[in-house]
**Student:** 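Below are the structure tokens for one structure; questions will follow.
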Amino acid sequence: MHIPDGFIPLWQCAIYYVIMIVALYFSLKWARKNLDEKLIPLIAVLSAGIFAIMSMNMPIPFGTSGHMLGGALVAIVFLAPEAAVLVLFIVLLIQALFFGDGGLTALGANVVNMGLVGGAVAYFSFKGLYKAIGKYPAAAIAAWLSLFIAAEVVAVEMWLAGTFPLDVGLASMGIYHAFIGVIEAILTVVVLIALDKLRPDLLAWNRKTSGGQKLEGSEEVAAK
Amino acid sequence: MNGVGSVRELERETEKESILHLMDGRVKLILLIFIIVYAVFSTQIVVLAFLELYLLLLIYISHVSFKSSFKRILLLLPFGGFIIAFQPFIHPGDVIWTGIFGLQVTQQGLMWAVLLMSRLIVALTSIVLLSSISPMQEVAQSFRKLGMPRELAMIFSLMIRFLFMFYDELHRIMHAQKARCFDAFNKKIPYKWRMKQLGYTVAMMFLRAYEQGETIYMSMVSRGFSDQSNFYQDRKKKLGTTEYVYIGVTVLLVVCLQVLAMTHFYELGVLGMNII
């Protein structure tokens with residue numbers, strides 16, 4: 001899903017960079033308010049952990065393999081899409097700078113897809129679903145949706161860039177990521193269950209407050 | 001994605017000594033980003049060919065292994081290569097080949113694919129060069145010196161320090177699983193069980209990362225860290241002659257290429273034509 005350099009014209013890259021900078025501004029504002037001075041070590045080490053998790057190849061039903069993105073997991077653990085933007089920005093920057101995985105000029109687009117869209121879709125779909133179906137089924141659907149929608153946004157961006165036709169892009173990205181999304185969904189739920197058992201205090205839905213702020217909806221989620 | 005082997009290999013390359021290795025981190029970072037941006041801006045294959053030649057010359061000067069550089073570029077090409085492979089078949093234009101099932105290759109599509117591939121190769125060569133001559137920590141400091149917000153620069157710098165630790169951690173977990181004959185891709189084992197084990201591995205990594213983050217925070221606080229803390233930095237290093245020569249040569253090359261692109265390269269036919 002990482003868009004490389006050269007696939008998106010520079011003027012469009014600039015637009016994605018502006019969106020990314022705005023998203024980063026609000027994410028940092030959220031982090032200062034909710035994580036206090038813990039922000040720096042926590043997000044840094046968590047990004048390193050997510051980076052390592054992303055390097056694990058997992059089997060997908062019907063033969064192929066893929067890896068987890070982790071954006072949905074971060075957004076649900078913190079009950080904030082801002083956390084996903086911050087973590088994925090750092091992870092994607094390092095991937096682009098040192099590993100050539102995703103382009104530097106396309107960094108804005110990649111952060112918008114995986115961090116902003118992925119994180120926001122995960123958070124809002126989780127928030128919208130947990131009352132009706134319970135927190136773990138909601139987390140599974142949110143994780144699957146976050147990956148699927150992010151992949152479809154990539155297809156739209158490639159179409160806007162004139163690199164790939166919309167219908168073929170939407171179909172191919174959609175089908176492939178519908179399968180990859182299964183991994184994202186299963187692993188997100190397994191990790192959430194494990195965290196809830198081992199360190200329930202780390203999950204935002206188990207905390208009434210964080211950084212002096214009341215976490216919206218935390219009690220209802222915990223009860224589901 | 002990249003494994004622990006490639007991360008360690010990268011750091012070994014950065015320990016070599018050459019004029020480029022010794023240069024100021026900011027200059028290396030800015031100029032290679034400048035080359036990538038120009039490559040993405042360019043629409044003529046000949047311009048990209050000259051940029052690639054220049055980058056290969058820099059790789060030679062920096063004593064970085066050509067073999068490992070080419071290997072890394074080849075390993076990274078499939079990510080974009082997959083999308084590029086479709087281009088000759090999906091772009092409208094003059095049909096130059098018709099195959100089975102009515103598949104048609106157009107000249108414009110083929111040229112577009114060549115342009116995308118050339119841009120990708122130049123960008124990947126730049127990244128391979130940058131990551132081979134600049135230690136990760138130097139890049140983090142360069143970002144800070146270039147004005148990256150304090151929090152982001154500190155997160156970036158700290159993350160790099162712990163990246164190696166987590167790769168080792170993951171390596172240990174996977175080694176232990178392998179020693180117990182666990183194979184995530186073994187189809188004889190129920191899929192649900194395999195996913196459960198992988199899920200626990202991810203949960204463990206996440207948990208260790210979070211707990212390590214808290215421990216590090218406590219140790220930083222006990223050493224006087226607060227939300228107002230800043231990076232320790234060396235006194236501002238002044239740029240030397242080699243840095244100015246490197247900046248001058250790179251900028252001059254790009255300016256010359258752009259002037260030639262607008263005035264003479266069209267005479268080269270396919271190589272010099274504007275592909276939009």
**Student:** Taking side chain as everything from C-beta outward and backbone as N, CA, C, O, which of these in A:V77 sits under 4.5 Å from a heavy atom of chain B? Side chain, backbone, both or neither.
**Tutor:**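 Side chain only.
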**Student:** I need the minimum non-hydrogen distance between B:S134 and A:F98, along with the two atoms involved.
**Tutor:**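 That closest heavy-atom pairing would be O-CE2, 4.3 Å.
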**Student:** Could you tell me if the side chain of B:I84 sits less than 4.5 Å from the side chain of A:F7, heavy atoms only?
**Tutor:**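 In short, these two side chains touch, coming nearer than 4.5 Å.
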**Student:** Enter the distance from A:L97:CG to B:L32:CG here, rounded to the nearest 0.5 Å.
**Tutor:**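 So the CG of A:L97 and the CG of B:L32 are separated by 10.5 Å.
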**Student:** Let me know if A:I193 has heavy atoms under 4.5 Å from chain B in its side chain, its backbone, both or neither.
**Tutor:**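 No part of A:I193 comes within 4.5 Å of chain B.
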**Student:** Go through it in stages, so that I can follow the logic: the residues are B:M159 and A:V91, the test is side-chain contact (heavy atoms from CB on, under 4.5 Å), and I'd like the CA-CA distance, side-chain angles, deciding distance and then a yes or no.
**Tutor:** CA-CA 9 Å; B:M159 188 220 169; A:V91 169; 4.3 Å; yes
**Student:** Return the option, out of B:V122, B:T215, B:I73, B:V139, with the maximum number of heavy-atom pairs under 4.5 Å with chain A.
**Tutor:**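 That would be B:V139.
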**Student:** Please report the shortest heavy-atom distance between B:G199 and A:V191, naming the atom on each side.
**Tutor:**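 Shortest heavy-atom separation between B:G199 and A:V191 comes out as O-CG2, 3.8 Å.
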**Student:** Nearest 0.5 Å, please: how far is CZ in B:F41 from CH2 in A:W11?
**Tutor:**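 Result: 15.0 Å between the selected atoms.
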**Student:** Side chain from CB out, backbone as N, CA, C, O: work out which of these in B:F143 comes under 4.5 Å of a heavy atom of chain A, or both, or neither.
**Tutor:**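 Answer is side chain: those atoms of B:F143 sit under 4.5 Å from chain A.
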**Student:** How far apart are the closest heavy atoms of A:F99 and B:R72, and which atoms are they?
**Tutor:**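 Shortest heavy-atom separation between A:F99 and B:R72 comes out as CA-NH2, 4.2 Å.
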**Student:** Within this structure, what is the OG-CD1 distance for the pair B:S131 and A:I94, rounded to the nearest 0.5 Å?
**Tutor:**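 Spacing of OG (B:S131) from CD1 (A:I94) equals 12.5 Å.
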**Student:** Rounded at 0.5 Å granularity, tell me how far CD1 in A:I186 sits from CG in B:L198.
**Tutor:**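 Answer rounded to 0.5 Å: 10.0 Å.
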**Student:** Name the region of A:L192, side chain, backbone, both or neither, that has any atom closer than 4.5 Å to a heavy atom of chain B.
**Tutor:**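 For A:L192, there is no contact with chain B at all, as no heavy atom is under 4.5 Å.
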**Student:** Would you compute the distance between atom CD1 of B:I155 and atom CG of A:L93 and round it to the nearest 0.5 angstrom?
**Tutor:**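 Reported to 0.5 Å precision, the distance equals 11.5 Å.
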**Student:** With heavy-atom distances below 4.5 Å as the criterion, would you say the side chains of A:M158 and B:I83 are in contact?
**Tutor:**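 A side-chain contact exists here, since the closest heavy-atom pair is under 4.5 Å.
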**Student:** Exactly one of A:V189, A:I183, A:V190, A:V182 should register a side chain to side chain contact (heavy atoms under 4.5 Å, CB included) with B:M195. Which one does?
**Tutor:**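 Only one option passes, and that is A:I183.
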**Student:** Of the non-hydrogen atoms in B:L116 and A:G6, which two are nearest, and what is the gap between them?
**Tutor:**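 Nearest pair, atom of B:L116 first, then A:G6: CD2-O, 3.2 Å.
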**Student:** Does B:L152 form a side-chain contact (heavy atoms from CB on, under 4.5 Å) with A:L86? I'd like the steps, not just the answer.
**Tutor:** CA-CA 9 Å; B:L152 278 182; A:L86 264 182; 4.0 Å; yes
**Student:** State, with a plain yes or no, whether a side-chain heavy atom of A:F164 is found less than 4.5 Å away from one of B:Q87.
**Tutor:**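 Counting from C-beta outward, A:F164 and B:Q87 do come under 4.5 Å.
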**Student:** As an exercise: rank A:T163, A:L195, A:T105, A:L198 by heavy-atom pairs under 4.5 Å with chain B and give me the winner.
**Tutor:**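 Looking at each option in turn, the highest pair count goes to A:T163.
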**Student:** State the CD1-CD distance between B:I127 and A:Q95, to the nearest 0.5 angstrom.
**Tutor:**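 So the CD1 of B:I127 and the CD of A:Q95 are separated by 12.0 Å.
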